[in-house]
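In what follows, a structure is listed as structure tokens, so that the remarks can point back to it.
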Amino acid sequence: MVMLAAQLDDPQAGWSVGTFGAIAEFTREPDEPVRMTRAGDGITAVTDKGAIRIVAHAGLRLIASESPTTDSWMHRVALCLPQHGCAMGGRTELTEVGPDRDALRSRDRNSVLFDLGLGVLHIDACVRLDDEDTVRALRSRVGKSLFAPGNDAMGIILGANPHRVFTSRIGRVEVFQPIPPPGGRSPDGPHTHVLPKLLAHGRTHAATEPLPDGWIPCAHLYPAHALRDQLGRKREFRREHHVAFQALLARFGLPELLALKRRVVEAVAAGQAPDAVVLPGDRFARATVRVALRQLGATEQLTPVLVEWLAVHDRLDLVDSENPMEAPH
């Protein structure tokens with residue numbers, strides 16, 4: 001928890017609790033007022049826009065990884081639990097849960113939680129309401145799928161602009177900011193996405209994220225990135241952020257991908273041509289090679305050998321599609 005507490009204290013880091021198709025994100029600006037607490041088994045940050053709590057868990061495993069994006073790379077640390085120990089409510093219908101006694105602000109603890117019933121193994125995606133008329137309206141619609149034909153519950157929710165509360169065995173993210181209108185842009189800072197078409201895939205995480213079978217990401221940390229700030233805005237390369245994440249990757253990354261990345265870096269440094277090195281051909285190996293080469297291009301001199309490697313391994317037709325549900329790091 002020491003590392004996670006340090007990351008929560010860093011306004012350059014972002015966080016999320018969610019699944020493929022539904023996610024709640026927490027970020028804050030460096031000058032934004034925040035109340036940080038550490039008590040019992042958890043660490044908490046609360047701003048006027050949202051809040052997050054991360055709790056200790058005996059089965060927690062941290063898995064760091066990188067993936068190529070359209071023009072650079074992203075990174076993250078998945079806070080994982082074994083599949084047999086990550087289950088939440090698993091509700092498939094709109095359900096009234098009751099007062100949110102675990103709300104991170106005392107003023108919200110009498111407000112009523114409704115589980116959206118997304119049918120996700122490891123996440124409960126809820127809305128929180130204190131308006132009696134809206135609570136009454138949703139109560140009359142519990143027991144039905146939110147996406148059933150003719151169900152107007154989502155319209156009621158969108159009209160009420162409630163808090164969104166996404167919880168897992170690892171913690172929770174609360175979003176106080178309003179839901180953008182259809183076609184509108186999500187606000188900077190804490191926000192949520194719920195995309196039924198992606199939820200229909202039934203995935204716990206993006207296919208571009210390398211996680212071992214049986215390990216489920218119950219939250220994600222996005223440490224400070226070298227090329228983008230916590231809101232995804234581009235900036236000049238910051239070597240200290242790159243070095244810091246590489247240390248996390250060395251500590252929490254998958255050994256086979258770490259070894260592959262070292263092999264590529266050493267081959268380029270030795271002046272070896274791309275065809276002199278036999279590399280695995282699976283999806284995660286290809287992604288690792290691309291990230292390694294892009295990072296060499298950002299941190300080292302663009303030598304003829306590196307240009308040759310990039311030409312072979314970083315063609316546009318090889319770049320995986322970005323996951324629209326992941327934070328922009």
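For the single chain, residues carry numbers from 1 onward in sequence order. Values reported hereafter were calculated over all heavy atoms of this structure, with side chains retained and with hydrogens, waters and symmetry mates removed.
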Verify side-chain contact (heavy atoms from CB on, under 4.5 Å) between T299 and F237, making sure each step is shown before the conclusion.
CA-CA 9 Å; T299 60; F237 182 80; 3.4 Å; yes

Could you tell me whether R105 sits above the aromatic face of F176, with NZ or CZ closer than 6.0 angstrom to the six-membered ring centre and within 45 degrees of the axis?
yes

Rounded to the nearest 0.5 Å, what separation is found between the OG1 atom of T69 and the NE2 atom of H75?
11.5 Å

So, H122 side chain and M88 main chain: donor-acceptor pair closer than 3.5 Å or not?
no

Below 30° counts as parallel, above 60° as perpendicular, anything between as tilted: where do the rings of H193 and H191 land?
perpendicular

Could you tell me whether R53 and D41 have a side-chain N and a carboxylate O separated by less than 4.0 Å?
yes

What do the steps show when you test R61 against I63 for side-chain contact (heavy atoms from CB on, under 4.5 Å), and what is the final call?
CA-CA 6 Å; R61 178 184 178 185; I63 301 176; 3.8 Å; yes

Side-chain contact test, heavy atoms from C-beta onward, threshold under 4.5 Å: evaluate it for E209 versus R76 and give yes or no.
yes

If we ignore hydrogens and angles and just use 3.5 Å, is the side chain of D282 paired with the main-chain N or O of A285 as donor and acceptor?
yes

With a 4.5 Å heavy-atom cut-off, do K49 and F26 have their side chains touching?
no

Are the charged groups of D100 and R128 less than 4.0 angstrom apart, N to O?
yes

Working note: L293 + L306, criterion side-chain contact (heavy atoms from CB on, under 4.5 Å); need CA distance, chi angles, decisive distance, verdict.
CA-CA 7 Å; L293 296 174; L306 178 55; 3.8 Å; yes

Worked verdict on L79 versus L60 for side-chain contact (heavy atoms from CB on, under 4.5 Å):
CA-CA 7 Å; L79 283 63; L60 176 63; 3.8 Å; yes

Electrostatic pair R109-D102, nearest N-O below 4.0 angstrom
no

Could you check if a side-chain atom of T37 sits within less than 4.5 angstrom of a side-chain atom of R35, using non-hydrogen atoms only?
yes

Under a 3.5 Å cutoff, is there a donor and acceptor pairing between the side chains of T47 and R28?
no

Find out whether L8 and W15 are in side-chain contact, i.e. whether some heavy atom of one side chain is under 4.5 Å from a heavy atom of the other.
yes

Is it true that E29 and R233 have a side-chain N and a carboxylate O under 4.0 angstrom from each other?
yes

Can you check whether H205 and F20 have ring centres sitting under 6.0 Å from each other?
no

Nearest 0.5 Å, please: how far is CZ in R294 from OG in S72?
7.0 Å

Check whether any side-chain heavy atom of Q272 sits under 4.5 Å from a side-chain heavy atom of E308, and report yes or no.
no

Backbone of E25 reached by a side-chain donor or acceptor of S16 within 3.5 Å:
no

Can you tell if the side chain of V264 reaches within under 4.5 Å of the side chain of W309, non-hydrogen atoms only?
yes

Any donor and acceptor pair, going by atom type alone, linking the side chain of R238 with main-chain N or O of R228 inside 3.5 Å?
no

Looking at E174 and R172, does any basic side-chain N land under 4.0 Å from a carboxylate oxygen?
yes

Any donor-acceptor N/O pair, Q177 side chain to P190 backbone, under 3.5 Å:
yes

Looking at W73, I'd like to know if the NZ or CZ of R290 sits under 6.0 Å from its six-membered ring centre while staying within 45 degrees of the ring's axis.
no

Would you give the length of the straight line joining atom CD1 of I52 to atom CD1 of I43, rounded to the nearest 0.5 angstrom?
8.0 Å

Tell me yes or no: between the side chains of Q7 and Q12, is some donor less than 3.5 Å from an acceptor?
no

Min side-chain heavy-atom separation D71-L227 under 4.5 Å:
no

Whether T288 side chain and R286 backbone form a donor-acceptor pair below 3.5 Å
no

Any idea which heavy atoms bring P162 and I179 closest together, and the distance?
CD-CD1, 4.2 Å

Return yes if a side-chain donor-acceptor contact under 3.5 Å exists between E300 and Q295, otherwise no.
no

For a quick check under 3.5 Å, do R203 and T19 share a side-chain donor-acceptor pair by atom type?
no

Is there a donor-acceptor pair closer than 3.5 Å between any side-chain N or O of N151 and the backbone N or O of S145?
yes

Find out whether F114 and V142 are in side-chain contact, i.e. whether some heavy atom of one side chain is under 4.5 Å from a heavy atom of the other.
yes

